[in-house]
Amino acid sequence: MVSVNTAALPNRAESGVAPAAGAQVVIDLFDGASVTAVFDRFDPNSTGVTWVGPVPAQPGSLVTLVHGSGVLAASIILPDARYTIRPAP
């Protein structure tokens, strides 16, 4: 089970509201590992937002979180690992 604080993501209902530059989201992964992504941009989707940002000090990293209709999916690309987070069935 992966834990993401979706309250840290911008809310589509808050039109024009985006996190401050440098805002961070911590994603707890497996075996006690976690990554901290720094906000780069977000794009509203029809029911929520897509949040995108890198992991500092990890060149080529990219974290993409898609949140909408109460469901979250994510892609985490690191130099030495890739993770996909899907909603529980």
Side-chain angles (χ1 to χ4, degrees):
M1 180 73 82
V2 172
S3 173
V4 177
N5 178 5
T6 57
L9 300 174
N11 182 337
R12 173 137 174 86
E14 299 172 34
S15 181
V17 174
Q24 299 180 348
V25 172
V26 177
I27 303 170
D28 296 324
L29 298 169
F30 309 95
D31 300 326
S34 68
V35 295
T36 300
V38 175
F39 171 73
D40 182 43
R41 73 175 199 279
F42 87 100
D43 304 307
N45 62 51
S46 62
T47 61
V49 296
T50 300
W51 189 103
V52 181
V55 176
Q58 298 219 21
S61 65
L62 184 65
V63 174
T64 304
L65 304 172
V66 181
H67 182 248
S69 297
V71 177
L72 177 96
S75 169
I76 301 165
I77 300 171
L78 304 172
D80 59 350
R82 294 176 187 260
Y83 299 91
T84 300
I85 299 171
R86 290 176 271 204

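The figures that follow rest on heavy atoms only: side chains count, while hydrogens, waters and symmetry mates do not. Note that the structure is a prediction, hence the values are computed from the model and not measured.
Between Y83 and L78, the shortest heavy-atom contact is CE1-CD1, 3.9 Å. Scanning all heavy atoms of the two residues, the minimum distance from V38 to W51 falls at C-CH2, 3.7 Å. For P79 against S61, the heavy-atom pair with the smallest separation is CD-CB, 4.5 Å. The two residues T36 and P56 make their nearest non-hydrogen contact at O-CD, 3.2 Å.
V66 and L62 end up in different hydrophobic clusters when Ile, Leu, Val, Met, Phe, Trp and Tyr side chains are linked at under 4.5 Å. When the side chains of ILVMFWY residues are joined at heavy-atom separations under 4.5 Å, either directly or via intervening members, V49 and V52 end up in two distinct hydrophobic clusters.
Here T47 contributes atom OG1 and H67 contributes atom NE2; the two are 8.5 Å apart, rounded to the nearest 0.5 Å. In this structure, L65 CG and I76 CD1 are separated by 7.0 Å, a value rounded to the nearest 0.5 Å.
Tested against P54 for a side-chain contact (heavy atoms from CB on, under 4.5 Å), the candidates D40, I77, V63 yield a single pass: D40.
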